[in-house]
Asks: 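For reference, the structure I am asking about is given below.
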2 protein chains.
Amino acid sequence: MATKKSYHHGDLRKKLLETALEIISEDGLEKVSMRKLGQRIGVSRTAPYRHFADKSMLLCAIAEQGHIKLTTVLKNANRQLIDDPLTRIRNTGIGYVEFAVRNPVHYRIMFGNEILENQRTPELVQAAETSFNELLYAVKACQEEKLIKPINPYIIANTLWSLTHGTSMLLIDGQIQSANAFRGMPAMLQTDIEAGEIDVRKIFEYKSDILFSGLAAES
Amino acid sequence: MATKKSYHHGDLRKKLLETALEIISEDGLEKVSMRKLGQRIGVSRTAPYRHFADKSMLLCAIAEQGHIKLTTVLKNANRQLIDDPLTRIRNTGIGYVEFAVRNPVHYRIMFGNEILENQRTPELVQAAETSFNELLYAVKACQEEKLIKPINPYIIANTLWSLTHGTSMLLIDGQIQSANAFRGMPAMLQTDIEAGEIDVRKIFEYKSDILFSGLAAES
DNA sequence: TTCTAAAGTTGACAACGTCAACATTTCATA
DNA sequence: TATGAAATGTTGACGTTGTCAACTTTAGAA
């Protein structure tokens, strides 16, 4: 649109989001500053303020983008050509956790960021709901084929969400890797963990099996 | 120990942690600064650096305190004079989520804080493991009375942890309150949510029931 | 009693978020 | 086509922050 040295950048908003994500995934969230964003892009230090009222609005937009990306991931898992909807729901969960582990800083902005707690834009709220709906979709599909109990699907999806979200956060935080958290998992898995590599798929398969079949001892 | 106007404060480290928590619960995490801490306590602005190498070490100590507090809460739930260990495990979960909801900012420092990801002190790691062990304890108690399947208790505790942690974070974040997340729950609960009040107990009872009995449809 | 380490202070610096005032560009409309 | 408002970008400035270096005061061990 705009040529190289024009006064107006042309698509600064988009470029800001891209660059912010770059910095975030390279150096972490604290390293992102409104000023540095401008400088890195080659624009003045307050130029970002023409596109985002303040820093938390920038973070809102980043979080929104994350939810949109997550939705795509979940959609792909959901729409795979797999006959068994139970496998699909499991893949959806795995997709969720994998997304979080691959985009840890991004994920942390989407959830668990105090700054955004009371300042979410309507767009962000909408994007978050849309991603939740994919979990709901997976649950309903299983119920239609009578593979899952016919209790309220929203409650089930919420429980599933808690499990995926909890697993994601604990993994990202590195809390799950340490010490006890995975003792007793198969030797292979433990070795991977010690080597710093985590097989998200295996971990989540364990958990979804437990959720599916329940904890109750057979009497 | 030291009288009022002595050069040395006497117990500055403790006072720093207390004051930090005060500021955090009043105004949020971003409002905490090393300088303000000093000023609020009536000591110079760099005095805190004699007790914490930098800000993230301060946060580490706060997180550690949180884990210790959480451990106490879980211990209380675990040691209640209730015959049914299944009720105890449920209460432990409820205690966990309640702690998180009552101390949201504190909880967010304990988990989900990027700053601490790679700088955890050994004390913090230890404190976190101790709180995990309470969940483990609750699981094992149930297994001893054959109320829960005899599969590896570490895996079960990990799953339980994910569920409580996920529920906590979603509640704290306000993500669970919005829109879909609780549709279909009993009317009473929904009214509470709309009024801004959340019955953590009810919410977690739903989820732990699902976890206990499993999602599988009876064939 | 003396000396060292711990604890607290002041001065300084660069980076940050953000505001106000100003400059340039775009674009709809007269 | 001319024009004026709205959008976009810039510079200067202010107060706050984390943290370092160099200094002072104090407590406690030798």
Side-chain angles (χ1 to χ4, degrees), chain A residues 1-20 22-24 26-63 109 113-119 121, chain B residues 1-20 22-24 26-63 109 113-119 121:
Chain A
M1 205 161 274
T3 51
K4 260 190 175 175
K5 294 253 172 170
S6 68
Y7 190 82
H8 283 165
H9 181 280
D11 207 356
L12 186 53
R13 193 192 137 96
K14 191 177 169 189
K15 188 78 181 169
L16 282 167
L17 287 174
E18 280 173 22
T19 310
E22 259 176 51
I23 297 178
I24 280 169
E26 286 166 16
D27 306 320
L29 178 56
E30 342 115 84
K31 292 293 177 185
V32 175
S33 77
M34 297 297 263
R35 303 170 86 108
K36 202 189 297 185
L37 274 178
Q39 281 155 359
R40 186 114 145 197
I41 294 174
V43 97
S44 81
R45 60 203 193 290
T46 58
Y49 283 90
R50 297 296 141 186
H51 298 271
F52 300 100
D54 54 27
K55 195 177 179 180
S56 63
M57 287 299 107
L58 206 219
L59 293 183
C60 257
I62 292 176
I109 297 173
N113 193 312
E114 182 196 345
I115 303 173
L116 303 186
E117 191 173 350
N118 294 312
Q119 320 199 34
T121 59
Chain B
M1 206 157 275
T3 51
K4 257 190 177 178
K5 294 253 171 170
S6 67
Y7 189 82
H8 284 342
H9 181 280
D11 207 355
L12 186 53
R13 193 192 137 95
K14 193 176 167 189
K15 188 77 180 169
L16 282 167
L17 287 174
E18 280 172 22
T19 311
E22 258 176 52
I23 297 178
I24 280 168
E26 285 165 17
D27 305 322
L29 178 56
E30 343 115 83
K31 292 295 176 183
V32 175
S33 77
M34 297 297 262
R35 302 171 88 106
K36 203 189 298 184
L37 274 177
Q39 282 157 0
R40 187 116 143 195
I41 293 174
V43 97
S44 81
R45 62 205 192 291
T46 58
Y49 283 90
R50 297 295 141 186
H51 298 272
F52 301 100
D54 54 26
K55 195 177 179 179
S56 64
M57 288 299 107
L58 206 219
L59 294 183
C60 257
I62 293 175
I109 297 172
N113 193 314
E114 182 197 345
I115 302 173
L116 304 185
E117 191 173 350
N118 294 314
Q119 319 201 35
T121 59

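In what follows, chains carry the letters A, B, and so on, assigned in the order in which the sequence lines appear, proteins first and then strands, with residues in each chain numbered from 1.
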Asks: Checking only heavy atoms, does the side chain of A:Thr46 share a donor-acceptor pair with the base of C:dT18 at less than 3.5 Å?
Replies: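 Checked by distance alone, the answer is no.
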Asks: If you assign B:Ala47 and A:Arg35 each to the DNA chain C nucleotide with the nearest heavy atom, which residue ends up on the more 5' nucleotide?
Replies: B:Ala47
Asks: Take the protein atom CD1 of A:Ile41 and the nucleotide atom P of D:dT10, then report the distance between them rounded to whole Å.
Replies: 11 Å
Asks: In whole Å, I'd like the distance from the CD atom of B:Gln39 to the C1' atom of D:dG15.
Replies: 12 Å
Asks: Can you tell me the distance, in whole Å, between the NZ atom of B:Lys55 and the P atom of D:dG18?
Replies: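 Rounded to the whole Å, the gap is 4 Å.
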Asks: A:Tyr49 has an atom OH; how far is it from atom C1' of C:dA21, in whole Å?
Replies: 17 Å
Asks: Roughly how many Å is it from CZ in A:Arg40 to P in C:dA15, rounded to a whole number?
Replies: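 One finds 15 Å between P of C:dA15 and CZ of A:Arg40, rounded.
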Asks: Taking OP1 and OP2 of D:dT17, is either one under 4.0 Å from a side-chain nitrogen or oxygen of B:Ser33?
Replies: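 So the side chain of B:Ser33 is within the cut-off, an N or O lying under 4.0 Å from OP1 or OP2 of D:dT17.
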Asks: State whether the side chain of B:Glu114 and the backbone N or O of A:Leu29 hold a donor-acceptor pair below 3.5 Å, judged by distance alone.
Replies: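 Indeed, once roles are kept as given, a pair shorter than 3.5 Å links the two residues.
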Asks: Could you state the CG-C1' distance from A:Leu12 to D:dT10, rounded to the nearest angstrom?
Replies: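 Taking atom C1' of D:dT10 as the reference, CG of A:Leu12 is at 13 Å.
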Asks: Decide yes or no, distance alone: a donor-acceptor N/O pair under 3.5 angstrom between the base of D:dG9 and the side-chain of A:Arg45.
Replies: no
Asks: Run A:Met34 and A:Leu58 through side-chain contact (heavy atoms from CB on, under 4.5 Å) and show every step you take.
Replies: CA-CA 9 Å; A:Met34 297 297 263; A:Leu58 206 219; 4.0 Å; yes
Asks: Figure out the NZ/C1' separation between A:Lys36 and C:dA15, and round it to whole Å.
Replies: 9 Å
Asks: Thinking salt bridges, do A:Lys36 and A:Glu26 make one under a 4.0 Å N-O criterion?
Replies: no
Asks: Closer to the 5' end of DNA chain D via nearest nucleotide, is it B:Met34 or A:Gly42?
Replies: A:Gly42
Asks: Checking only heavy atoms, does the side chain of B:Arg50 share a donor-acceptor pair with the base of C:dT9 at less than 3.5 Å?
Replies: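 Counting by modelled atom types and ignoring angles, a donor-acceptor contact under 3.5 Å is found here.
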Asks: Step by step, would you call A:Phe52 with A:Leu17 a side-chain contact (heavy atoms from CB on, under 4.5 Å)?
Replies: CA-CA 10 Å; A:Phe52 300 100; A:Leu17 287 174; 4.0 Å; yes
Asks: Please report, rounded to the nearest Å, how far the P atom of C:dT26 is from the CG atom of A:Asp11.
Replies: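 Rounded to the whole Å, the gap is 15 Å.
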Asks: Kindly say if A:His51 contacts the phosphate of D:dA7, meaning a side-chain N or O under 4.0 Å from OP1 or OP2.
Replies: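 Checking A:His51 against D:dA7: no side-chain N or O falls below 4.0 Å of OP1 or OP2.
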Asks: Taking all non-hydrogen atoms of both residues into account, name the closest pair between B:Leu116 and B:Ile109 and its distance.
Replies: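 Taking every non-hydrogen atom into account, CD1-O, 3.6 Å.
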